[in-house]
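Values below: all heavy atoms of this structure, side chains included; hydrogens, waters and symmetry mates excluded.
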Amino acid sequence: MTASLLLLYFFAFLAGFIDAQVGGGGLIQLPAMLLLLPGVPYSTVLGTGKVASLAGTAAALRRYLGGPDAVPLRWRTVAITALVAGGFALLGARAASSLHKEAVRPLVLALLSAMAVYTFWRKDFGSIHAPRLQGKREIITGIVLGSAIGFYDGFFGPGTGSLLLFVFVGLFGYDFLAASASAKFVNVATNIAGLIFFISTGQVLYKVAVPMAICNMLGSTLGARMALRRGSSFVRALFLVVVGAFILRLSWDTFA
């Protein structure tokens with residue numbers, strides 16, 4: 001096993017650890033893959049990374065939903081949002097080959113900056129679980145946001161988990177733990193949809209993807225366990241750090 005592959009597996013573990021708590025694992029894993037897999041087509045890098053991301057996200061979700069400290073979900077809303085997001089993620093993956101992703105970066109940068117400022121300004125943001133939408137309003141909101149974020153995940157990808165986390169806290173009124181578990185459920189659906197596209201077009205390196213998936217799962221399990229132990233205030237602080245790093249990275253890609 002080469003040093004490059006060992007580094008890649010380490011970054012897959014680290015991505016899973018961070019993503020399980022606040023999303024943003026793609027900020028770590030994708031650049032590492034692009035650097036350590038030279039000569040591999042970009043679409044194949046994305047497809048290979050999706051295998052690891054799906055495995056890690058599913059492992060984190062299992063940890064959030066299992067055991068005596070399991071996080072309760074509003075299943076109807078989260079399931080409908082996940083179903084819609086998965087369908088639109090498949091559409092986004094198909095659209096990715098014909099549209100310019102560079103045009104999306106400034107919009108995502110502005111959105112993430114607003115998220116970071118709002119979360120930092122509101123000290124109590126995500127500290128109390130008080131769902132504010134009920135009945136049809138909650139379902140319709142889930143469908144609209146699932147469509148938009150699902151398409152974004154299939155089309156562009158990085159930051160989807162952080163966007164979902166913010167939406168579940170800011171619009172639905174969940175605390176950070178419930179929002180993180182809900183975001184993982186939806187993210188599993190979008191990852192499955194994206195992976196269906198990449199597998200069907202033969203854009204997955206399984207010899208690299210399977211060990212990465214195992215490492216991502218280990219990191220995700222530990223990350224979810226830490227989030228449950230530390231609580232919403234810890235997840236909020238980590239969310240600000242990860243979104244801040246993502247803003248710096250996107251700023252560099254957009255303006256450098």
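Note that the CG atom of L164 and the CD1 atom of I149 stand 4.5 Å from one another [nearest 0.5 Å]. From E138, atom CD reaches atom CZ of R76 across 9.0 Å, with rounding to the nearest 0.5 Å. Rounded to the nearest 0.5 Å, atoms CD1 (I139) and CD1 (I80) are 3.5 Å apart. Atom-to-atom distance recorded for L163:CG and L145:CG is 10.5 Å, nearest 0.5 angstrom. Rounded to the nearest 0.5 angstrom, T44 OG1 and M33 CE are separated by 9.5 Å. In this structure, the separation between CZ on F185 and CZ on F168 is 10.0 Å, given to the nearest 0.5 Å.
With S220 contributing its side chain and A60 its backbone, the two residues share no donor-acceptor pair below 3.5 Å. Although no hydrogens or angles enter the test, the distance criterion places no donor-acceptor pair under 3.5 Å between the side chain of Y64 and the main chain of A178.
In this structure, a donor-acceptor pair under 3.5 Å is absent between the side chains of D19 and Q29. Residues S182 and Y174 bring no donor and acceptor atom of their side chains to less than 3.5 Å of each other.
Sequence neighbours left out, not one pair with a member in residues 29-40 passes salt bridge (charged side-chain N to carboxylate O under 4.0 Å, His left out).
Closest heavy-atom contact between A181 and L73: CB-CD2, 3.7 Å. Of all heavy-atom pairs between Y206 and P211, the closest is O-CD, 4.2 Å.
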